[in-house]
Amino acid sequence: MSIFAMQNKNIMDYNFVEVEKKWRKEWAENKTYQTSIKLDQPKCYVLDMFPYPSGAGLHVGHPLGYIASDIYARFKKLKGYNVLHPMGYDAFGLPAEQYAIQTGQHPKVTTDENLERYREQLDKIGFSFDWDREVRTCDPNYYKWTQWIFAQLFKSWFNNQSQKAESIDHLIMIFENEGNASVDAACAETPIFSAQEWSSKSEKEQSDILLNYRLAYLSESMVNWCPGLGTVLANDEVINGLSERGGHPVERKLMLQWSLRISAYAERLLQGLEEIDWTDSLKEMQRNWIGKSTGASLKFNIKHSTLNLEVFTTRPDTVFGVSFMVIAPEHEYVEQLTSDEQKAAVEKYVLAAKNKSERERMADVKNVTGVFTGAYAIHPFTGKELPIWIGDYVLAGYGTGAVMAVAAHDSRDYAFAKQFNLPILPVIEGGNIEKEAYETKSGKVINSDFLNGLKVKQAVKTAIWKIETEGLGEGKTNYRLRDAIFGRQRYWGEPIPMFFENGIPRLLDESKYPLTLPEVDEYLPTEDGDPPLGRAKDWKPENGDHYELSTMPGWAGSSWYYLRYMDPKNDGTFASREATDYWNQVDLYIGGTEHATGHLLYARFWCKVLFDLGHISFDEPFKKLINQGMILGTSAIAYRVNDTNKFVSKGLKDKYQTTPIHVDVNLVKNDELDLEAFKAWRPEFVDAEFEVEDGKFLCDEEVEKMSKRWFNVVNPDDIVLEHGADVLRLYEMFLGPLEQAKPWSTKGIDGVSRFIRKFWNLYHNSEGVFNIIDEKPSKEELKVLHTLIKKVQEDIENFSFNTSVSAFMVCVNELQKLKCNKRAVLKDLAIVVSSYAPFITEELWSLMGEKGSVTHASFPELNASFLVEDSHIYPVSFNGKMRFKLELPVSMNKKEIEEVVLQHEDAQKWLNGQNPKKVIVVPKRIINIVL
RNA sequence: GCUCGAGUGGCGGAAUUGGUAGACGCGCUGGAUUCAAAAUCCAGUUCUUUCGGGAGUGUGGGUUCGAUUCCCACCUCGAGUACCA
């Protein structure tokens, strides 16, 4: 072929570069994806978890969920829904601030740069986002409303009777009229006071009491202090005693902190899970995190003391098996209970426990430690004396910080008893207490007075009944969920709209929001140890001493952003009631599972509060949620012969002593290393030598997290550049089920590229000229088309995007075989493919002379009559093994089929003269002959 | 330890309520085209075989005419959680 002809051939091929560029521009200019409220249309809200724009940009794993949700959103649009599909940025965060500390550059500058790069990358992939609705959490017009929501939390308390948030003004009224005796609230321990006592309290005293009730409150509490980051962290930001970001050690510290009373909502957060369509694993994670357990609280008197020790137990049925008590080293009675003889030992133990970091304490789980206080509790039923010990396996923060130890039926108590030679009293039949604790929840109770002979379940009820009637305690439910610390000693976050006046925290008037982030000279704590906001000059409230210097945590802005998308420019409210009523809950939310116990719990919490206060009409934010699996990196490994600069292909590595070296995956294609590119990659490899096999240098593979460190990061831009955005979209879906974690590998991408070309060629003749005809389609062609229509709509509703791509390939292969270029078929085909591959289909749509964007077309109606077959190819099995196939008309009944099959010569061969015991015929499925 | 999820060719993965295991794609093999290569097209590709078959969806049992699918026990991997009384 001449050079001219070759160029000509290239022109004929689908030019994705030009086509994609053209439509990107058109869509942006025409605002093709702009959305507005349309009351006559059903709505559908499709949301992605919004990204934190890191400096590294997007890698190929990030868009996976965005592509899936985009396909869903586009499909719903074609199906006649009014679809809200927005995108924005969680733009406050530590990395930008760390960078600011190092460089002195304002975090806003870096954040904006990163945002721009993200936007550029996202735009290339052809998402149908309505960018007019973009939100950024660091935008004052946005965080104005984050501050406003904080104010609502501050102005509310949780009424346990009504199980909802109510106005604090109403609570103050109750206090003024009757005191707090009748108030059943989710609150910190507060002494009972009368109306009169309330009015005689000082303003500061009243303020302090109200903080015990408010949903946003300031309290002296044990926090996860991270010296490495200079800030406190929420429980879900601490992993194995180290900070989630940066991996710095975390210690326990008592600090005055803003917290949110999420624990008040524990039961509703748990119950709400029943109504929402999330994966079981995610719901399970939230259930575990909330950690509900039921049992009883029980008071033990203390010998020679007026004190009593309250414990929480889930096994009141084993109360007669209690042989000692254990309290946490931080327990408030430690000092009072300790006898003179034990004083030295206790002090030493408590001090040691206090100085252990979270991490050390966790690492030490297997070491059983403890010390005797010298005091004894009195068993409420038997009157027996029970020694009171201190042990750090008992946690101060859970239950009452004290346990009744039932060594025979609890493995931790058992280990403690063994260690210190304490008695072990079995009270449930069975088990072998010589060997281990018997933790069964079935079985019969023994050695237990009035509980004898009862089954465990019954005994639990009876024990609680007895405990309650004797006034020893009560049935009780406990939750593991802790309140969420809401302040960070950091710069780059939303200022908390509070100021202090004579030590009293006051809410900044809502008319003054947003309280904007002040400028500071350095993004570091002050010399007095105040947070960076302490550096701001002239940053003072009008009539107070100073503003709150902490900022909000990273999850503040992301706890309600889905509401702002509904009405992003509203300056009078966080989102109009019209908008929140219309768009309502998020119908489909796609994101990673890493937010299970953080963002997803906080967002549900805020939603419930806003609902309780009457600001929105629903109390669960995300109706359906899907977790996309992580895309892992496939690292490329080259083997270097030790102490040389010589590399050997993977098949030859056993001939030498070698070290595996990570090689940039972008230098490797189908395991083969581009040697020239490799030499140019880094100076130390310039004169590397290679031993090849079959003329190729092959690398090994290793699947690990996608990270710069392993040189296995693949950038979506590069894929778009080489193959086009449609191919990237299709290929990411084709990789496998959305929810599954999978390694990225470009091995199969050529197959998808080929498909796009074949698809294009259906609409073009062999000269590359657009060519479709208006002839009536054949029955067969319609069957192929409608098989696809059925498959794709089922797949999308089931979020099985990978199988749709296969279906496209099958359909295009078959239409190619049928040489079909009929408009009636190809027009519908373009619509069906368009949600997956928007660029090429938009181009074909316009080539077909259609007006407007394919986005606004209607998904073709499935006509099932095209799928009806008049014959079926039956697999004929003998004893369940398929032996031959036989085509029979579907009109045949079972009996006729049986006769025909048994007469068939292939059947005769397998029957071999025998009479079949049984013949099973399942119409339109199989025939099985049992010998 | 506990909870949840997953194990299918050389690879990514298909398989409605139990009904032809391996769709589709990659890779590989052979062929066509080409001076040659790329690209493209066609055929083949689970293993095994004495070419009749036989075995086969992590392992071992079970239910069934029939099991990747349901039940029991176990193994491996991944995720979450971790003294929560």
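The basis for the numbers below is simple: all heavy atoms, side chains too, and nothing from hydrogens, waters or symmetry mates. Sequence lines set the chain letters: A, B, ... in the order given, protein chains first and strands last, and positions in each chain run from 1.
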Nearest to the side chain of [X], heavy atoms from C-beta on, is which of [options]?
{"X": "K742(A)", "options": "G13(B), C65(B), C24(B)", "answer": "G13(B)"}
{"X": "R480(A)", "options": "U20(B), C41(B), U81(B)", "answer": "U81(B)"}
{"X": "M809(A)", "options": "G19(B), G25(B), A82(B)", "answer": "G25(B)"}
{"X": "N928(A)", "options": "G66(B), A15(B), C83(B)", "answer": "G66(B)"}
{"X": "Q740(A)", "options": "U81(B), C65(B), G13(B)", "answer": "G13(B)"}
{"X": "N288(A)", "options": "C83(B), U3(B), C24(B)", "answer": "U3(B)"}

Take K817(A) and I749(A), find for each the nucleotide of RNA chain B with the closest heavy atom, and name the residue whose nucleotide sits nearer the 5' end.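 Residue closer to the 5' terminus by nearest nucleotide: I749(A).
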May I ask which nucleotide in the shown strands pairs with G27(B), Watson-Crick or G-U wobble, both distances under 3.5 Å?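 For G27(B), the partner nucleotide comes out as U45(B), under the 3.5 Å rule.
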Under a 3.5 Å limit for both distances, which nucleotide forms a Watson-Crick or G-U wobble pair with U20(B), could you say?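 When the pairing criteria are applied, nothing turns out to pair with U20(B), so the answer is none.
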Determine the contact category for [X]: base if any of its heavy atoms lies under 4.0 Å from a base atom, sugar-phosphate if only primed atoms, P, OP1 or OP2 are that close, otherwise nothing.
{"X": "P737(A)", "answer": "sugar-phosphate"}
{"X": "L735(A)", "answer": "sugar-phosphate"}
{"X": "S806(A)", "answer": "base"}
{"X": "R287(A)", "answer": "nothing"}

Which label fits F759(A) and Y763(A): parallel for a plane angle under 30°, tilted from 30 to 60°, or perpendicular past 60°?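 Rings of F759(A) and Y763(A): perpendicular, as their planes differ by over 60°.
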Assess whether salt bridge (charged side-chain N to carboxylate O under 4.0 Å, His left out) is satisfied between R287(A) and E284(A), documenting all intermediate values. CA-CA 5 Å; R287(A) 279 192 202 106; E284(A) 197 60 28; 3.0 Å; yes
Report the distance from atom CG of N802(A) to atom C1' of C26(B), rounded to the nearest whole Å.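 Rounding to the nearest Å, CG of N802(A) and C1' of C26(B) are 15 Å apart.
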Using whole Å, report how far CG of D750(A) lies from C1' of G27(B).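 So the CG-C1' distance, D750(A) to G27(B), works out to 11 Å.
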Can you check whether R754(A) has a side-chain N or O nearer than 4.0 Å to OP1 or OP2 of U40(B)?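 Yes, such a contact exists.
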Phosphate OP1/OP2 of G66(B): any N879(A) side-chain N/O under 4.0 Å: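 Result: no.
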Using the C1' atom in both, what is the distance from A38(B) to U45(B), to the nearest Å?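 Those two atoms are separated by 24 Å.
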Considering only the P atoms, how many Å lie between U68(B) and U8(B), rounded to the nearest integer?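 Their P atoms lie roughly 14 Å apart.
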Please lay out, stage by stage, how E869(A) and K783(A) fare under the test salt bridge (charged side-chain N to carboxylate O under 4.0 Å, His left out). CA-CA 10 Å; E869(A) 302 188 320; K783(A) 188 181 159 195; 2.8 Å; yes
